Chemist: 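I am attaching a structure below and will ask some questions about it afterwards.
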Amino acid sequence: MRFEQRTVTCGFLRPEHAGQQVVLNGWVNARRDYGGIIFIDLRDREGVTQVVIDTSHRPELDEQIRDVRSEYVLWVKGAVRLRENPNPKIPTGLIEVLADEIGIINAADVTPFEIVDDLGTNEELRLTYRYLDLRRPVLQRNFLIRNKLYQITHRFFEEEGFVEIETPVLTKSTPEGARDFLVPSRINKGRFYALPQSPQLFKQLLMVSGFDKYMQIVKCFRDEDLRADRQPEFTQIDVEMSFITQEDIIALTERFVLQAWKEILNYEVSTPLLRMPFKTAMERYGSDKPDLRYGLELTNVTITAGVCGFSIFSDAVASGNVVMALNAKGCGSFSRKQIDELGEHAKKYGAKGLPWLKVSGGEVTGSFVKFLSDEHRDLLLQELKAEDGDLLLFSPGEWERACIISGALRTEVARRTGILDGVAGTYSFHWITEFPLLEHSEEENRWIARHHPFTAPMDADVSLLSSDPTHARAIAHDLVINGYEAAGGSIRIHTNDVQQTMFDLLGFTREDADAKFGFLLNALRFGAPPHGGIAFGFDRLVMLLCQTDNIRDVIAFPKTTSGLSLMDGCPSDVDTKQLGDLGIALTRQ
RNA sequence: GGGAUCGUAGCUCAGCUGGUUAGAGCGCUGCCCUGUCAAGGCAGAGGUCGCGGGUUCGAGCCCCGUCGGUCCCGCCA
C-alpha cells in the first residue's frame, strides 16, 4: 500500500502558507458532500484541516473517495488556499487544502460512538473502545497536559539536585495500611511478592545509602475499593531528602507547584501557601482536606448547645461529645424536602438525624425550636451569625465525626447553591499540618498510625507517646488543592529506638516487628541521616490541571469501579497449567 | 461489606396505572445537491427492552436472582 508521508500536521497551516503544496495524513473527522464539491475535515492530534475535493478541478477524485467515511485514514496532497468562507471556530479556519491527490491508507468500520468532544456516550462503551475514546480532542489534550507535567517534574527535580532511582515493583507484603496486590512466586511456591503501595521503605533506605535527594515518578498499587478519584494502580511523584526539616520539604513543594501551574496554565500560585493545623481544618471546615475556594465555615456551638434545653444536644455534651453547626447562608428558602435530603446526606456520614433551624421573616422555625428558650435560641443565632433567610444545620456527636458530618453538609450546600460552580476554574492551595500521629482502631482494638508507622512525632509531643498517645502530633504535611489531597508526607523516624518504640505502641511484638520491618530497623542502626519527604498524587495533579473530577479522564487505560478493564477484559481466568506452575489451587471457580 | 442510581435501535433518550404493531433525535444505507463546517432535501434499514426465573389472561413496566456502569459510606498506613 502506497501512501505519501505528511509534510505538515492537521493543526499547522495558516494563511501565510497559502500557495504551498502540502501532504496531510489523518483521520476523517467529517465528510460534507455537495455533489460537485465535497469537504473532508482531516484530523490528527494537532488539529483539524478542511480538505476540498472539487470535481471540476480533479474529476477522478470523486470516484476515489466514494467509499470514504468517518475515521478512514487518508493521505491528501494539494495546495493550501484561503477559504471563501472562513470558520472562526478552529485555528486552521482561514485556510483549506484543495486536493490534487487522495489515497485511502486504511478503511474504518462505523465506530460504536462518534469521535466528538461533547459526547453523551456512557463510560462503559467508551472504556470498551478506549482507543477510539482517546481519539477525542478533549482526552488528547488531557494527555498532552499529563506529558507536560512529566517533563516539568523531571526538569524541576533535576535542577534541584535530585536523583531518580527506580525501586522494585516486586516487594514484600506488609500488614499495615492498604491491602496489597499479591504476585505468587513460581520459584518459591506458596510465597508471594506484593506490588508496592508506595516505595516508602525503599526511599528511606536510599537515604541511609546517602543518596540525599531522591525522586521517582512511580506506579503504586492498592487493592482497595475504587472511587471517582481513585484507581488500583496510580502514579505518584515520590520524593525524599536527607538533612532537612519540614520547612525544606514545604518550600520545595511550593516551588514545584508554582512552576507546574505557571508553565502549564500560566497561573500564578501565590506562595508561601497558607498552613492550617489539622484540628483547625476539622473545626472550621469539617475535613482534613477542605476546599478553601469558598468560606461557609463551621461553628462549634457545644457550650451553648449543652445548656439550651434540647436533650439531644445536652446529652451529647454531657457524655463528652460536641455540637458542630453550619450556617447555610441563604438556604432558608429550602423546602422541607430539600432539608430532608440534606438529612439523608448527613446520614451517609453517620449522622443520626439533622436538627435544623430556619430564620425567615424574623420568625425562627425548625425541628427543635420548641425545646429552646428564647434566650438560648437567640444565643445560638448570634453564635452562628444567623440572618434572615439562613438555614442552620447542627451535628451533635463525637468531635471528629461531628466535624466530618458538618463538613459533608458544607460541601453539599456549596454544591446545591451553585457556590461550587462559581469557583470552577480557580485554585486554592494550602497545607494541613500537625496531624495526629495515631488513631485508635475499634476494629483491631489497638493504636494504628494515621499516616504510616515511620512518621516522626513532633518534638514537643514525644513525651506524650507514653502518657497520652491520642494527643501526640506528627511532623506531617498534606498539600490540599481544591479539596483534593494532592500530596502528603512527613519527617520520618531515623533512629532505631524511636522506630522500635513506635512499633511497640502499635502493638507489634518485637518478633513481629523484626519479621516484618527488620531490614528497616537494621538500617536505622547504621547511621541513618535525618530525612523526610513527600509524595504527590500525579494523577490528581493532572486532574486538577485538566479541570476534571474523574481520574479516568487522565489515565489512558483505566479500570472501572469494580476493578475491571473493559477493553482487554482483565482480570481474567488463567489456565490450570499456569496455576499448577505456581502451586496454586482455587477453592472456588 | 453497605447504600443510591442506571441498563430500551449503532449512540443519546422517551415509553403514563401492566393492555393493539415499542417511539424520537443523531448516526447508518441509497438518491439529489458546487461553499459547507451540528450542512440540507427525499427515501430506507435497524430492537432477544442487559441476562435468567417468577407473578399475570397479558410484562419494557411488578417480584426474585444475576451481570455490568456510575456515585457515595466503610476502606484507602
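Bear in mind that the values here come from a model prediction, so they are computed numbers and not experimental data. Residue numbers start from 1 in every chain, and the chains themselves are labelled A, B, ... in the order their sequence lines are given, proteins ahead of strands.
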Chemist: Check whether the side chain of A:Glu123 and the base of B:G68 form a donor-acceptor pair under 3.5 Å.
Modeler: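 Side chain to base: no pair below 3.5 Å.
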Chemist: Using a distance-only test with no angle check, is there a side-chain donor-acceptor pair under 3.5 angstrom linking A:Gln216 and A:Thr167?
Modeler: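 Yes, because at least one side-chain N or O of A:Gln216 sits under 3.5 Å from a partner of the opposite role on A:Thr167.
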Chemist: Report yes or no: is there a donor-acceptor pair, N or O only, under 3.5 Å between the side chain of A:Asn122 and the base of B:G7?
Modeler: no
Chemist: Could you check how far CZ of A:Phe39 sits from C1' of B:C33, rounded to whole Å?
Modeler: 12 Å
Chemist: B:C62 pairs with which nucleotide, Watson-Crick or G-U wobble, both distances below 3.5 Å?
Modeler: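 B:C62 is paired, partner B:G54.
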Chemist: Answer with base, sugar-phosphate or nothing: what part of the nucleic acid does A:Arg69 contact at a heavy-atom distance below 4.0 Å?
Modeler: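 Sugar-phosphate contact only.
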Chemist: Which is it for A:Phe517 and A:Phe454 under the ring pair (Phe, Tyr, Trp, His ring centres under 6.0 Å) test, yes or no, and what are the steps along the way?
Modeler: CA-CA 11 Å; A:Phe517 300 110; A:Phe454 321 108; 5.5 Å; yes
Chemist: By nearest heavy atom, map A:Gly36 and A:Arg230 onto RNA chain B; which one lands nearer the 5' end?
Modeler: A:Gly36
Chemist: Under 3.5 Å, is there an N or O donor on one side and an acceptor on the other linking the side chain of A:Arg83 and the base of B:C37?
Modeler: yes
Chemist: Considering only heavy atoms and no angle criterion, is a donor-acceptor pair shorter than 3.5 Å present between the side chain of A:Arg31 and the base of B:C37?
Modeler: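 Answer no: no donor N or O sits under 3.5 Å from an acceptor.
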Chemist: Let me know, please, whether A:Pro86 or A:Arg401 comes out on the 5' side of the other along RNA chain B by nearest nucleotide.
Modeler: A:Pro86
Chemist: If we call it a pair only when both distances are under 3.5 Å in a Watson-Crick or G-U wobble match, what pairs with B:U17?
Modeler: none
Chemist: Would you mind pulling out the nucleotide paired to B:U70, Watson-Crick or G-U wobble, both distances under 3.5 Å?
Modeler: B:A4
Chemist: Could you give the distance separating B:C61 and B:A9 at their P atoms, to the nearest angstrom?
Modeler: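 Looking at atom P only, B:A9 and B:C61 are 15 Å apart.
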Chemist: Rounding to an integer number of Å, can you tell me how far A:Ile53 CD1 sits from B:U36 P?
Modeler: 16 Å
Chemist: Which nucleotide, if any, forms a Watson-Crick or G-U wobble pair with B:C49, using both distances under 3.5 Å?
Modeler: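 Because no pair has both required distances under 3.5 Å, B:C49 counts as unpaired.
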Chemist: Counting Watson-Crick and G-U wobble pairs only, both distances under 3.5 Å, name the nucleotide matched with B:U12, or none.
Modeler: B:A24
Chemist: Now, which nucleotide makes the Watson-Crick or G-U wobble pair with B:U29, with each of the two distances under 3.5 Å?
Modeler: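 Matched B:U29 with B:A43 under the 3.5 Å cut-off.
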Chemist: Rounding to an integer number of angstrom, what distance separates B:C32 and B:G68 when you compare their C1' atoms?
Modeler: 44 Å
Chemist: Distance criterion of 3.5 Å, no angle test: do you see the side chain of A:Arg179 paired donor-to-acceptor with the base of B:G74?
Modeler: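 No pair found.
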Chemist: When the P atoms of B:G7 and B:C13 are considered, how many whole Å apart are they?
Modeler: 9 Å
Chemist: Between B:C76 and A:Arg222, counting only base atoms on the nucleotide and side-chain atoms on the residue, is there a donor-acceptor pair under 3.5 Å?
Modeler: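 Side chain to base: no pair present.
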Chemist: Base of B:U36, side chain of A:Gln50 - is there a donor-acceptor contact under 3.5 Å?
Modeler: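 Side chain to base: pair found, below 3.5 Å.
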Chemist: Could you pull out all donor-acceptor pairs under 3.5 Å where a side-chain atom in residues 504-513 of chain A meets a protein atom, sequence neighbours excluded?
Modeler:
| unit_1 | atom_1 | unit_2 | atom_2 | d |
| --- | --- | --- | --- | --- |
| A:Asp504 | OD1 | A:Arg510 | NE | 3.2 |
| A:Asp504 | OD2 | A:Arg510 | NH2 | 2.8 |
| A:Thr509 | OG1 | A:Asp512 | N | 2.9 |
| A:Arg510 | NE | A:Gln500 | OE1 | 3.4 |

Chemist: Record whether the side chain of A:Arg126 comes under 3.5 Å of the base of B:G69 through a donor-acceptor pair of N or O atoms.
Modeler: no
Chemist: So, does A:Thr121 get its side chain near the phosphate of B:C11, meaning an N or O under 4.0 Å from OP1 or OP2?
Modeler: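 No, no such contact exists.
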Chemist: What distance, rounded to whole Å, do you find between the two P atoms, one in B:C6 and one in B:C16?
Modeler: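 The same atom, P, in both gives a distance of 14 Å.
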Chemist: If you look at every strand shown and take non-hydrogen atoms under 4.0 Å, does A:Pro112 touch a base, only sugar-phosphate, or nothing?
Modeler: sugar-phosphate
Chemist: Just checking, any donor-acceptor pair under 3.5 angstrom between side chains of A:Asp238 and A:Tyr214?
Modeler: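 Present: a donor and an acceptor within the cut-off.
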Chemist: Rounding to the closest angstrom, what is the interatomic distance between B:C71 and B:G60 at atom C1'?
Modeler: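 That atom pair is separated by 25 Å.
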Chemist: Inspect the contact between A:Arg446 and A:Glu176 and indicate whether a charged nitrogen and a carboxylate oxygen are less than 4.0 angstrom apart.
Modeler: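 Between A:Arg446 and A:Glu176 there is a salt bridge, with a charged N closer than 4.0 Å to a carboxylate O.
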Chemist: In whole Å, what separates the P atom of B:G44 from that of B:U8?
Modeler: 27 Å
Chemist: Just call it for A:Ser198: base, sugar-phosphate, or nothing, with non-hydrogen atoms closer than 4.0 Å on any strand.
Modeler: base
Chemist: Could you give the distance separating B:U36 and B:G50 at their C1' atoms, to the nearest angstrom?
Modeler: 41 Å
Chemist: Roughly how far apart, to the nearest Å, are B:A45 and B:G23 at atom P?
Modeler: 13 Å
Chemist: Ignoring hydrogens and angles, are the base of B:U34 and the side chain of A:Thr55 linked by a donor-acceptor pair under 3.5 Å?
Modeler: no
Chemist: Side chains of A:Ser56 and A:Asp54: donor-acceptor distance under 3.5 Å anywhere?
Modeler: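 Yes - a donor-acceptor pair under 3.5 Å links their side chains.
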Chemist: Whole Å only: how far is the OH atom of A:Tyr34 from the P atom of B:G41?
Modeler: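 The answer, rounded to whole Å, is 11 Å.
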Chemist: If you measure only the distance, is there a donor-acceptor pair under 3.5 Å linking the side chains of A:His531 and A:Gln204?
Modeler: yes
